[in-house]
Amino acid sequence: MTQLQVLLFASYADAFGANCVSVTVAEPATTADVVGALRALPGGHVLPMSPLVAVDRRYTRGDVAVSAGQEIAVIPPVAGG
Amino acid sequence: MTQLQVLLFASYADAFGANCVSVTVAEPATTADVVGALRALPGGHVLPMSPLVAVDRRYTRGDVAVSAGQEIAVIPPVAGG
Amino acid sequence: MIRTAIVSDAIDVPALIREVTSEATGATTLFLGTVRDVNDGRDVTGIEYTAYAGMASDELQRIAVEAQTQFDGVRVAVEHRIGTLGLSDVSVAIAVAHARRTQAMDASRFIIEELKRRVPIWKCEHYADGERQWIDPTASRASVVAS
Amino acid sequence: MIRTAIVSDAIDVPALIREVTSEATGATTLFLGTVRDVNDGRDVTGIEYTAYAGMASDELQRIAVEAQTQFDGVRVAVEHRIGTLGLSDVSVAIAVAHARRTQAMDASRFIIEELKRRVPIWKCEHYADGERQWIDPTASRASVVAS
């Protein structure tokens with residue numbers, strides 16, 4: 001098992017009550033594992049079926065491997081402009 | 001016969017050597033008569049087959065009647081912007 | 001709101017932006033035409049813009065009215081400058097604002113395309129070699145007039 | 001040239017226009033997003049913009065680079081403001097210049113559409129009735145959070 005830090009923003013940060021949460025996942029971990037662990041936390045019901053996940057400041061597609069050294073963020077629907 | 005004043009601009013004004021020329025046409029006159037009379041003047045060779053003609057500050061389409069009380073202009077290809 | 005003008009002094013671009021933007025608009029677009037240093041491979045030193053003043057004003061206003069009909073709620077301010085302009089000088093400024101960005105962008109494009117097609121304004125380019133020529137966008141090559 | 005930034009102070013719009021316009025460009029376009037007083041029928045008093053700062057900068061820069069690849073020779077300056085903005089404040093400014101107007105206009109539209117689709121920035125609207133809500137452009141109705 002490993003602990004990963006996940007960055008949260010906007011409505012997700014409000015729902016979880018934090019800008020950053022720790023999740024514990026089995027190794028080797030993937031983004032789907034991270035989302036699954038988040039969903040089990042209080043506030044996790046706000047996450048859609050497949051939330052956008054960014055790793056090292058780039059969007060990921062599908063399920064990709066993640067490790068503790070990476071910057072992981074779950075991204076609510078963006079609304080810039 | 002009547003005398004009509006015709007406004008000229010840009011390359012047409014250069015070719016005719018004037019911003020405004022008089023043409024003498026039979027009554028009732030049309031825009032085609034005006035263009036025909038212009039074509040016979042020195043510089044008239046620069047006019048294309050069917051130059052744009054404006055009457056009272058609006059483009060005309062086809063051959064329309066004109067009289068001395070109206071503002072008649074022959075319009076070179078425009079190049080604003 | 002609509003305001004259009006043919007002007008002979010420098011265009012105050014920030015003023016145009018302020019003029020169209022309101023608390024009800026969410027998108028403001030600006031289009032500027034500026035004098036380029038090269039055209040058709042020739043070094044340009046400046047452009048002389050001349051207009052059929054009365055008709056150019058009328059036609060520009062008609063285009064803005066058409067834009068407002070097509071893009072309901074659009075706010076438009078357009079100025080076209082005439083006279084002798086140097087490199088990078090602004091020849092035309094089109095400011096458009098709307099609640100929604102698509103309408104603002106489409107209206108701006110409509111106005112510049114119609115302006116170039118219809119407004120009786122002409123430009124005479126002055127070149128580094130001393131020649132000048134009236135630009136004819138309908139011709140492959142404009143006729144050269146010795147200066 | 002390309003310059004993109006996420007900023008927290010007011011955007012200097014005339015500076016952006018000057019930055020992209022050069023003697024080699026003939027068309028400069030500007031797109032401004034501004035805070036509207038009404039959205040979905042509700043009176044808005046202001047908008048709080050927040051960003052995933054590091055990634056928003058990177059993504060904005062990637063979009064500008066893509067624009068330059070797609071529209072060769074385009075000059076781009078983009079700033080997106082974050083923090084609390086009042087009515088009519090400029091949230092985003094996109095200045096684009098090119099030798100030709102079509103490329104300048106198309107590049108500007110590409111950038112705003114991609115920005116809205118990809119850049120991790122969020123807005124929380126504040127309403128006259130004291131409520132606030134995070135805007136979700138993908139939902140028919142955003143969830144309301146009591147303030």
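Below, read A as the first sequence line, B as the second, and so on, with proteins coming before strands; counting in each chain starts at 1.
Interface remark: C:Ser22 contributes backbone atoms only to the contact with chain D (heavy atom separation under 4.5 Å). Of the atoms belonging to D:Ala97, not a single heavy atom falls under 4.5 Å from chain C. C:Val13 touches chain D through its side chain: at least one heavy atom from C-beta onward sits under 4.5 Å away, while N, CA, C and O do not. Within the 4.5 angstrom heavy-atom criterion, only side-chain atoms of D:Asn39, from C-beta onward, approach chain C. In this structure, the portions of C:Ala99 lying under 4.5 Å from any heavy atom of chain D include both its backbone and its side chain. Only the side chain of D:Thr21 comes within less than 4.5 Å of a heavy atom of chain C; its backbone N, CA, C and O stay farther away. In this structure, chain C has a heavy atom under 4.5 Å from the side chain of D:Arg100, while its backbone stays farther away.
Considering only heavy-atom pairs separated by less than 4.5 Å from chain C, the leading option among D:Ala93, D:Ala95, D:Gly33, D:Ala24 is D:Ala24.
The side-chain heavy atoms of D:Thr25 and C:Arg36, taken from C-beta on, include no pair separated by under 4.5 Å. Residues C:Arg109 and D:Asp106 form a side-chain contact, since some pair of their non-hydrogen atoms from C-beta on lies under 4.5 Å apart. When side chains are defined from C-beta on, D:Glu113 counts as touching C:Arg101, because their heavy atoms get closer than 4.5 Å. Taking 4.5 Å as the limit, some side-chain heavy atom of D:Ile112 sits within range of a side-chain heavy atom of C:Met105.
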Practice item. Please report the C-alpha distance between D:Ile17 and C:Leu30 in whole Å, then the side-chain angles of each, then the deciding distance to 0.1 Å, and finally whether the side chain to side chain contact (heavy atoms under 4.5 Å, CB included) criterion is met. Key: CA-CA 10 Å; D:Ile17 295 173; C:Leu30 175 75; 3.6 Å; yes
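For C:Asp129, the CG atom is densely surrounded, since the number of other residues' heavy atoms within 6.0 Å is greater than 12.
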